[in-house]
Amino acid sequence: MGKNRTSSWFGLAALSLGMVLLFMNTTMINVALPALSAGLGASTGELEWVVSSYNLAFLAVLLPGGALGDRLGHRRLLVAGVVGFCAGACLAAVSTSVGVLIAARVVMGLAASVFTPMSLALIPQMFDDARKALATATWTAAGAVGAPLGPLIGGSMIDRWGWRAMFWLDIAVAVVLAMCLGLVPAGRPATDRRGLPVVQIIATALGLALITWGLINAEHTWSALATWGPIAAGALALAVFVVVELRARDRLTDLGLLAHHRFRVSSLVLMGINFVLFGLLFVTPDYLQTILGHDAAAGGLMLMPVALTAVIGAVISSGLSRVRAARELILPAAMALAAAGLWLCSATSAMSGYRPMFWGLLVAGLGLGIGQAYGIQAAMSAVPNERGGAGAALLNAIRQLGAVLGIALLGSLTGNRYGQGVADLAATLPDPAASAVSGSVTTAFATAARMPDPAASTLRVAACGAYIHAMHVVLVACAVVTGAAAVVLLALAAARAVMHPRP
């Protein structure tokens with residue numbers, strides 16, 4: 001038993017290393033965009049697809065990947081995911097065109113969509129109930145650490161060795177991870193021997209891909225056919241999936257889990273947490289790097305407080321989950337902490353510098369860490385082990401949809417508020433400069449660098465003020481939504497206590 005227990009913890013370390021790698025890769029690509037533009041001659045639209053193709057592929061095949069893991073075995077598919085990720089990184093590292101790089105990112109996204117639910121599905125098989133919460137918290141904390149490490153490590157490597165260095169890092173870590181996966185116990189043999197439901201696979205992959213595609217386009221405008229057309233078509237495909245799935249003999253996932261109160265509430269909370277977290281990571285880098293004037297590595301370091309307290313929050317959640325009386329209050333308290341932290345972040349101004357954001361990130365990270373770790377553990381406790389892959393895939397699909405929504409909705413809100421803030425100034429400039437000023441605070445500062453004073457100073461002040469106002473609106477909106485979620489969760493907990501009083 002002691003040997004098996006030790007093996008399980010070493011296996012968890014391997015799974016956690018994989019989560020660090022995947023989250024690093026998700027955020028590292030953003031700091032490489034200027035280098036990719038210069039090295040491959042990529043346009044703005046092509047750069048958007050370099051970033052978004054990964055998320056598109058990741059979300060599209062999450063549910064089929066979970067079903068395949070239940071049929072073939074979770075560790076077997078886990079290893080296949082690591083090999084696929086390494087192959088995609090190799091192709092990206094030697095890319096000579098934007099098209100090849102986008103294809104490589106698709107391969108990496110497909111592989112990541114397999115690794116995430118498979119690693120989560122293995123945890124209940126590796127640990128007993130007494131240690132499951134701590135193991136889940138550790139796995140969650142690994143992702144929280146990986147996200148801000150991406151800009152920190154990636155920025156330093158790109159500055160020194162160029163954009164290809166980040167993919168060589170992916171390859172090196174993937175090779176180490178592949179060797180470490182021998183430490184992961186095999187778990188139970190696959191018990192689901194049914195054939196794969198082809199109709200549901202096509203419908204769900206098409207639906208999620210189209211919705212993601214539409215939300216990516218929504219970062220520019222919500223009124224265009226390229227935005228609402230794919231979203232509407234994707235929603236129709238998912239409706240077909242639900243109808244077929246509920247009547248089918250061979251099922252892709254377990255939609256019945258959504259009828260389980262703990263799974264449903266936890267997955268919606270996790271969706272909200274990803275919405276806020278990825279929105280926060282989307283809106284803050286331009287403030288830290290462009291407005292405050294830090295490089296990518298320093299900007300990544302300034303985001304580390306949210307990772308630090310998220311790890312602490314994950315550990316706290318594993319202890320609180322053992323206290324039965326506290327369980328119903330963990331998620332409301334976590335969302336309240338996140339709301340307070342986001343409100344503190346919103347106090348950042350042109351004169352305040354980084355200090356309000358530092359304290360806000362610390363508090364928000366603590367709430368997000370507690371909420372993520374407990375939410376994942378609570379949701380997975382409702383999933384039977386033999387359907388762990390499908391349950392983990394469904395949970396992660398909901399979480400990932402929250403991330404895509406956060407980037408699309410909050411990115412759109414940021415762009416709208418910023419554009420309104422510089423509209424009067426942009427109207428006085430010739431067309432190329434006006435488009436650059438209206439496009440983003442980064443391009444506005446780049447335009448100012450080519451202008452003489454005092455016009456350059458006027459432009460920088462206007463762009464700075466407009467972006468800080470936009471960031472303030474986004475952070476306040478996130479704080480209000482998160483605070484409202486805390487109130488709703490508290491009301492639900494009170495209602496359940498009345499309906500199901502403890503003896």
Side-chain angles (χ1 to χ4, degrees), residues 22 52-85 87-88 103 105-122 190-216 230-259 263 267 271 379-380 383-404:
L22 296 185
S52 301
S53 57
Y54 180 93
N55 293 327
L56 189 67
F58 185 96
L59 184 56
V61 298
L62 261 175
L63 295 182
L68 198 61
D70 289 335
R71 286 158 173 79
L72 300 179
H74 299 142
R75 190 176 72 167
R76 184 181 299 175
L77 204 61
L78 187 74
V79 173
V82 174
V83 172
F85 189 87
R105 292 279 293 167
V106 168
V107 173
M108 295 172 75
L110 293 173
S113 73
V114 170
F115 185 93
T116 304
M118 291 307 100
S119 59
L120 181 56
L122 279 166
T191 56
D192 194 339
R193 302 297 181 185
R194 295 172 298 172
L196 284 173
V198 178
V199 174
Q200 293 101 298
I201 287 176
I202 293 173
T204 185
L206 184 63
L208 291 173
L210 285 170
I211 288 175
T212 307
W213 186 8
L215 289 173
I216 289 168
I231 292 175
L236 180 61
L238 288 184
V240 171
F241 159 70
V242 171
V243 171
V244 174
E245 177 78 359
L246 292 176
R247 297 180 178 181
R249 193 172 180 181
D250 294 337
R251 295 189 174 181
L252 179 62
T253 189
D254 190 356
L255 293 179
L257 288 170
L258 294 173
F263 186 92
S267 37
M271 181 179 179
M380 289 303 294
V383 180
N385 284 338
E386 65 273 10
R387 298 286 287 157
L394 179 60
L395 178 63
N396 278 285
I398 295 170
R399 292 175 67 205
Q400 182 67 11
L401 191 58
V404 175

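Atoms considered below: every heavy atom in the structure, side chains included; atoms not considered: hydrogens, waters and symmetry mates. Source: prediction; values computed, not measured.
Between Val242 and Leu246, the closest side-chain pair of non-hydrogen atoms falls below 4.5 Å. Looking at heavy atoms from C-beta onward, Leu22 lies in side-chain contact with Phe85 at the 4.5 angstrom threshold.
Distance check: Leu257 CG to Met380 CE gives 9.0 Å after rounding to the nearest 0.5 Å. Remark: Leu206 CG to Ile211 CD1 distance equals 10.0 Å, nearest 0.5 Å. Going from atom CG of Leu258 over to atom CG of Leu394 covers 5.0 Å, rounded to the nearest 0.5 Å.
Closest of all the heavy-atom pairs between Arg105 and Ser53 is CB-OG, 3.4 Å. Nearest heavy-atom pair, Ile398 versus Met271, reported as atom, atom and distance to 0.1 Å: O-CG, 3.5 Å. Residues Pro64 and Ile201 share a closest heavy-atom pair of CG-CG2, 3.9 Å. Between Ser267 and Leu395, the closest heavy-atom pair is CB-CD1, 3.6 Å. When every heavy atom of Ala111 is checked against every heavy atom of Gly84, the shortest pair comes out as CB-C, 3.6 Å. Nearest heavy-atom pair across Gly234 and Leu210 is CA-CB, 3.7 Å.
Listed by first and then second residue, the side-chain hydrogen bond (donor to acceptor under 3.5 Å, both in side chains) pairs involving residues 389-399 are Asn396-Arg399 (not counting sequence neighbours).
Side-chain atoms of Thr116 never come within 3.5 Å of backbone atoms of Ser113 as a donor-acceptor pair (strictly under, hydrogens ignored). The closest donor-acceptor contact from the side chain of Thr204 to the backbone of Gln200 lies at 3.5 Å or more, if one exists at all.
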Decide yes or no on side chain to side chain contact (heavy atoms under 4.5 Å, CB included) for Phe115 and Leu78, but give the supporting numbers first. CA-CA 5 Å; Phe115 185 93; Leu78 187 74; 3.4 Å; yes
